[in-house]
Amino acid sequence: AVGVIAVVGRPNVGKSTLVNRILGRRASVVEDTPGVTRDRISYDAEWAGRDFKLVDTGGWETDVEGIDSAIANQAEIAVRLADAVILVVDGQVGLTASDERIVKMLRASGKPITLAVNKVDDNASEYLAAEFWKLGMGEPMSISAMHGRGVGDLLDAAMKTL
Ligand code: GDP
Ligand code: MG
């Protein structure tokens with residue numbers, strides 16, 4: 001069976017944009033409303049000649065009720081079913097309390113985690129990634145899902161954990 005990588009993180013950090021970037025032009029998963037992915041959606045993907053499954057998830061807001069908690073639950077299920085996780089955070093927004101709560105739950109899952117700091121759109125913005133060392137998840141890998149910057153290195157790192 002091929003390995004499964006779940007892409008998780010708060011709403012609006014760019015998870016679906018990243019998944020779309022990895023899949024190339026084969027799928028369009030960014031919703032009409034940015035920041036909204038209602039379900040847990042699995043895609044067949046390939047990197048460096050290796051097949052894997054990539055799971056896009058809705059935003060993982062913690063401490064919420066109603067429909068948002070249902071979305072969070074899909075993210076938890078996705079992590080449980082995955083072999084590895086890419087945690088996406090937003091470099092432009094910076095580290096949030098939600099990111100820290102998500103990290104706690106991911107740690108409890110025991111799954112290998114690769115940390116992606118998205119929206120680092122150019123070299124001048126590289127410094128944005130540094131504060132995420134605080135999460136204690138190892139090297140924060142800066143990417144721009146929108147422009148493709150750093151995505152290859154991120155995939156190399158994540159595939160090593162599969
Ligand atoms: P999700 O909720 O985590 O799936 O986030 P989306 O993929 O829907 O993206 C949320 C918003 O962030 C959209 O307006 C995207 O265009 C924007 N976005 C995603 N990736 C990047 C990026 O690398 N740089 C910038 N500047 N914006 C991005
Ligand atoms: Mg989404």
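We count ligands from 1, going down the list as the structure has it; atoms in each ligand are counted the same way. Quick caveat, the model's predicted, so the values are computed rather than measured. If you read the sequence from its start, that first residue is 1, and numbering goes on from there.
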Query raised in the report: Polar-atom distance check: K119 versus ligand 1, any N or O pair below 3.5 Å?
Result: yes
Query - Test of proximity, P11 against ligand 1: N or O pairs below 3.5 Å - result: no
**Report entry** Presence of N, O or S from T17 under 2.8 Å of the Mg ion (ligand 2)
**Finding:** no
Interfacing atoms of ligand 1 (cut-off 4.0 Å, heavy-atom, [X]):
X    : answer
N12  : 1 (P), 2 (O), 3 (O), 5 (O), 10 (C), 11 (C), 12 (O)
Q92  : 26 (N)
D121 : 22 (C), 23 (O), 24 (N), 25 (C), 26 (N)

Residue selection (non-hydrogen contact nearest [atom]) among [options]:
atom                    : options            : result
atom 15 (C) of ligand 1 : V7, N118, V13, T17 : T17
atom 3 (O) of ligand 1  : R21, K15, M146     : K15
atom 23 (O) of ligand 1 : A145, S16, G148    : A145

Flag side-chain contact, heavy atom, 4.5 Å: [X] against [Y]:
X    : Y    : value
V85  : T114 : no
F52  : D83  : no
S125 : Q92  : no

Report task. Output, in order, the C-alpha distance, side-chain angles, deciding distance and verdict of side chain to side chain donor-acceptor pair (under 3.5 Å) for R10 and T96. Result -> CA-CA 9 Å; R10 298 187 293 108; T96 71; 3.3 Å; yes
Measure [X] to ligand 1 on non-hydrogen atoms and call it side chain, backbone, both or neither using the 4.0 Å cut-off.
X    : value
H147 : neither
L18  : neither
V88  : neither

Report task. Take every heavy atom of R149, measure it against each atom of ligand 1, and state whether any distance is under 4.0 Å. Result -> no
Identified side-chain contact (heavy atoms from CB on, under 4.5 Å) counterpart of [X] within the set [options]:
X    : options            : answer
M141 : L115, L155, D153   : D153
Y43  : N20, I22, D56, V55 : D56
V89  : N118, V117, L95    : V117
I86  : V19, I143, L154    : L154

**Report entry** CA sep, side-chain torsions, deciding dist, call: D51, D44, side chain to side chain contact (heavy atoms under 4.5 Å, CB included)
**Finding:** CA-CA 7 Å; D51 292 327; D44 293 321; over 6 Å; no
